[in-house]
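Protein chains get the first letters and strands the later ones, always in sequence-line order, with residue 1 at the start of each.
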Amino acid sequence: MPETILVCVAWPYANTPLHAGQIAGAYLPADIFARYHRMRGNRVLMVSGSDAHGTPITVRAEAEGISPQAIFERNHASFLETFERFGISFDLFTSTATDNHAQVSQELFLQLREAGYIYPAEQTLLYDPKADRFLPDRYVEGTCPVCGYEGARGDQCDNCGSTLDAIELINPRSRFSDATPVPRPSTHFFLKLSAFNEPLREWVERQEHWRPAVRNFTLGLLREGLHDRGITRDLDWGIPVPVEGFEGKRIYVWFEAVIGYLSASIEWASRNGTPEAWCDFWEDPSARTYYFQGKDNVPFHTTIWPAMLMGRGGLNLPYDVPANQYVTMSGAKASSSRNWAVWMPDYVARHDPDPLRYMLSAIMPETSDSDFTWAEYVRRNNDELVATWGNLVNRVLTFTRRNFDARVPEPRAMLAPESQAILDAVDAAFEEVGQHIEAVRLRAALQAAMSVAQQTNRYLDERAPWSAIKQDRESAAETLYTAINVISGLASLFQPFMPFTSPVAWSLGGNQGDIEGAGWRRSPVPAGTSLPEPSPLFKKLDDALVDEEEARLGR
RNA sequence: GGCAGGGUAGCUCAGUGGUAGAGCAGGGGACUCAUAAGCCCUUGGUCGGCGGUUCAAAUCCGCCCCCUGCUACCA
């Protein structure tokens with residue numbers, strides 16, 4: 001019985017290209033998860049898109065003297081290319097700039113307003129008379145009322161760490177024009193999050209399969225109590241508020257961006273010519289919805305979005321929110337401004353995708369922050385991908401080619417116990433790796449697959465077909481027949497993690513056709529199958545690469 | 001400050017009550033099919049500190065120290 005799985009991935013903010021930390025935090029785990037479920041024959045929809053709106057994009061646009069639209073389009077194109085070249089297999093990667101998204105967002109806005117969960121209220125905001133615009137807190141600077149530091153931002157004082165309200169700042173000034181901001185009233189809409197505190201708490205309490213960090217953090221937020229939040233802003237870049245008298249105001253990004261999961265699903269369905277197909281993922285209670293993202297996004301996916309869904313009614317709540325911690329770069333948090341990151345467009349232009357997919361899977365920050373270093377990247381490539389897995393394929397196939405005329409050898413009728421045991425091990429690994437992936441323990445899943453490759457190397461050494469062939473050709477034939485069949489299984493086990501090299505390994509092992517279509521199982525390779533000319537799956541990397549890559553950091 | 005996560009071998013990290021683990025690095029060995037790769041053996045830790053619960057604690061409880069993240073435009 002196929003399952004229905006909706007894979008929602010965080011919407012990247014379209015103001016800079018993606019870096020490896022974001023890939024490890026959300027896009028890669030989501031992709032592995034989706035590819036696995038597709039191989040299982042489950043019905044999968046994986047969606048995300050560029051977050052096109054918000055102040056940082058308008059500010060960047062002003063700084064570069066071009067339109068916000070141009071900033072968004074440039075980065076959106078970059079995202080699509082990264083996903084394509086790195087093998088992130090979205091069913092649809094759209095953006096919040098589509099008419100469809102605006103329409104779905106406005107509709108949900110009105111539904112929640114109708115239900116009494118959105119209400120208008122007047123608030124006093126800082127206004128820049130010279131630039132003729134309202135100021136977001138972080139674009140006001142002034143003296144901190146707590147410690148007297150003169151460079152405090154309106155949202156927070158970097159000196160003492162106090163959380164501030166821009167209106168409290170002494171001697172405030174606008175970062176747009178240096179003008180002195182003036183308080184000015186403006187009416188905005190608010191989302192009544194307070195109404196959902198208890199329903200959310202009861203719901204989260206029952207989600208015992210969530211990661212402890214995600215669940216405890218959310219319960220902490222709910223214990224303190226959610227406050228109603230403003231969901232409109234005085235901006236001209238964004239989705240218009242669909243209410244008379246609010247022309248010139250926009251729906252704020254954090255309210256509108258999470259709706260993207262729904263609007264993207266609807267867009268996918270209509271593009272496919274099956275406009276109702278999204279309902280299977282959102283309305284059927286047996287469908288499961290997973291939200292992949294970094295830990296900074298947890299509150300939106302475990303409180304605000306579920307509250308919006310509860311308020312609307314009739315749509316599935318998140319089944320799991322497997323948020324990852326952060327991947328740091330050589331010990332420091334990734335930073336755009338300091339250029340402290342592995343930029344994906346840069347990486348895919350110069351390196352193969354699978355070694356980084358493997359590395360990031362192996363250090364995936366599932367329970368705590370983890371650290372990426374180029375030295376470790378080279379080591380894992382050389383010691384694990386080249387030496388353990390790539391070399392296993394290569395040694396088996398070159399030996400077979402030379403001694404058995406490039407055909408899978410005919411084994412004895414009854415396999416030796418150790419041969420049967422290694423075949424059983426690879427078959428059992430599908431169950432074990434699959435359980436890990438379904439529980440989103442991807443690091444453990446990859447390790448379980450890799451350990452079968454290690455066992456297979458041991459098996460080869462025990463059976464030593466290179467010496468057996470001299471006295472007992474049948475023994476060598478059995479060993480190679482067995483090893484080739486194990487390789488066929490291993491290629492499928494690795495496919496969700498390494499979708500570029502695994503199909504190659506699978507074909508080298510004598511298989512034809514599509515590895516993903518062959519399903520989550522070992523494809524048996526019968527004796528007599530002819531084998532193609534083998535070539536190495538991975539390139540051994542030179543240690544000099546470490547220095548070269550590290551020199552690019554921080555410049 | 002509050003909340004959350006983490007502090008286990010030189011390095012990166014698994015391990016939630018029952019004789020301390022993996023990979024890498026270091027040392028030794030047998031082999032030679034393979035991108036000198038693979039295999040076997042081995043050195044190495046008072047599991048952040050102090051108390052407590054228990055027949056038994058890395059694992060549960062309390063306090064302390066250190067690292068990381070979050071702290072929400074409160075209307």
The Watson-Crick or G-U wobble partner of B:rA9, with both key distances under 3.5 Å, is none
Here the distance between atom C1' of B:rA34 and atom CG of A:Leu480, to the nearest Å, is 12 Å
Measure up the A:Trp237 and A:His53 rings against each other and bin them: parallel (under 30°), tilted (30 to 60°), perpendicular (over 60°).
perpendicular
When the nearest nucleotide of RNA chain B is assigned to A:Tyr252 and to A:Phe399 on a heavy-atom basis, which residue is associated with the more 5' position?
A:Phe399
NA contact type, A:Leu222, heavy-atom cut-off 4.0 Å: base, sugar-phosphate, or nothing?
nothing
Take the angle between the ring planes of A:Tyr117 and A:Phe196 and call it parallel below 30°, perpendicular above 60°, tilted in between.
tilted
Could you give the CG-to-P distance, from A:Leu541 to B:rC24, as a whole number of Å?
17 Å
Nearest of B:rC73, B:rA75, B:rC70 to any side-chain atom of A:Tyr326?
B:rC70
Mate of B:rU32 where both pairing distances stay under 3.5 Å, Watson-Crick or G-U
none
Between B:rG15 and B:rU8, how far apart are the C1' atoms? Round to whole Å, please.
9 Å
Expressed in angstrom and rounded to an integer, what is the separation of A:Phe404 atom CZ from B:rA34 atom C1'?
16 Å
Relative to each other, are the rings of A:Trp389 and A:Phe494 parallel, tilted or perpendicular (30° and 60° limits)?
tilted
Base, sugar-phosphate, or nothing: which does A:Leu226 touch, judged by heavy atoms less than 4.0 Å apart?
base
Assess, by modelled atom type and distance only, whether the side chains of A:His351 and A:Glu549 contain a donor and an acceptor separated by less than 3.5 Å.
yes
Counting only side-chain heavy atoms from C-beta out, which of B:rC74, B:rA34, B:rA4 sits nearest to A:His227?
B:rC74
Looking at every strand, decide which applies to A:Arg223 at a 4.0 Å heavy-atom threshold: base, sugar-phosphate, or nothing.
nothing
Suppose we call a contact any N or O donor and acceptor under 3.5 Å apart; does that hold for the side chain of A:Asn391 and the base of B:rG38?
no
For B:rC55, the Watson-Crick or wobble counterpart (both distances under 3.5 Å):
B:rG18
What nucleic acid atoms does A:Phe217 come within less than 4.0 Å of, heavy atoms only: base, sugar-phosphate, or nothing?
sugar-phosphate
Verify the contact: side-chain N or O of A:Arg379 to OP1 or OP2 of B:rA25, cut-off strictly under 4.0 Å; return yes or no.
no
If the C1' atom of B:rC31 is compared with that of B:rA20, how far apart are they to the nearest Å?
33 Å
Out of B:rA4, B:rA37, B:rC13, minimum distance to the side chain of A:Ser370 belongs to B:rC13
Distance, C1' atom - from B:rA9 to B:rA22, rounded to whole angstrom
11 Å
Mind telling me whether A:Phe300 and A:Trp254 have parallel, tilted or perpendicular rings, with 30° and 60° as the class edges?
tilted
Both distances under 3.5 Å, Watson-Crick or G-U wobble: report the partner of B:rG2, or none.
B:rC70
Is A:Pro536 touching bases, backbone alone, or none of the nucleic acid, heavy atoms closer than 4.0 Å?
base
Just to be sure I understand the rule, does A:Gln325 reach a base, reach only the sugar-phosphate, or reach nothing, if contact means heavy atoms closer than 4.0 Å?
nothing
In terms of side-chain heavy atoms of A:Arg458, which of B:rA75, B:rC40, B:rA37 is nearest?
B:rC40
From the list B:rC24, B:rA4, B:rA34, which nucleotide is the closest neighbour of the side chain of A:Arg395?
B:rA34
On RNA chain B, nearest-nucleotide positions of A:Gln454 versus A:Leu385: which is more 5'?
A:Leu385
Would A:Trp466 count as stacking on B:rC33 if stacking means ring centres less than 5.5 angstrom apart and planes tilted under 30 degrees?
yes
C1' spacing across the pair B:rC24 / B:rU19, given as an integer number of angstrom:
27 Å
Mind checking A:Lys295 for me? I need base, sugar-phosphate or nothing, with any heavy atom below 4.0 Å counting as a touch.
sugar-phosphate
Base, sugar-phosphate or nothing for A:Asn382? Non-hydrogen atoms, less than 4.0 Å.
nothing
With sugar-phosphate meaning primed atoms plus P, OP1 and OP2, does A:Gly294 contact a base, only sugar-phosphate, or nothing at under 4.0 Å between heavy atoms?
nothing
Checking contacts here: which listed nucleotide (B:rG38, B:rC73, B:rU35) is nearest the side-chain heavy atoms of A:Asp461?
B:rG38
Determine which nucleotide pairs with B:rG26, using a 3.5 Å limit on both distances of a Watson-Crick or G-U wobble pair.
B:rU42
Once you round to the nearest 0.5 Å, how far does CG of A:Leu541 lie from CZ of A:Arg379?
13.0 Å
Does B:rC73 have OP1 or OP2 under 4.0 Å away from a side-chain N or O of A:Arg229?
yes
Let's see if you can work this out: which of B:rA34, B:rA14, B:rA4 has an atom nearest to the side-chain heavy atoms of A:Asn216?
B:rA4
Return the nearest nucleotide to the side chain of A:Ala121; candidates are B:rA75, B:rU68, B:rC39.
B:rA75
What is the distance from atom CD of A:Gln455 to atom CD of A:Glu462, rounded to the nearest 0.5 Å?
10.5 Å
Under 6.0 Å between ring centres: does that hold for A:Trp210 and A:Trp203?
yes
When the P atoms of B:rC73 and B:rA14 are considered, how many whole Å apart are they?
33 Å
Determine the interatomic distance between P on B:rA75 and the same-named atom on B:rG69; round to the nearest Å.
29 Å
Using a cut-off of 4.0 Å on non-hydrogen atoms, how would the nucleic acid contact of A:Asp228 be classed: base, sugar-phosphate, or nothing?
base
With heavy atoms under 4.0 Å as the rule, sort A:Glu462 into base, sugar-phosphate or nothing.
nothing
On the 0 to 90° scale, with breaks at 30° and 60°, tag the A:Tyr261-A:Tyr291 ring pair as parallel, tilted or perpendicular.
perpendicular
Among B:rA34, B:rA14, B:rC73, find the nucleotide with the atom closest to the side chain of A:Asn394.
B:rA34
When the C1' atoms of B:rG7 and B:rC47 are considered, how many whole Å apart are they?
10 Å
Between B:rA14, B:rU35, B:rU68, which nucleotide gets closest to the side-chain atoms of A:Arg443?
B:rA14
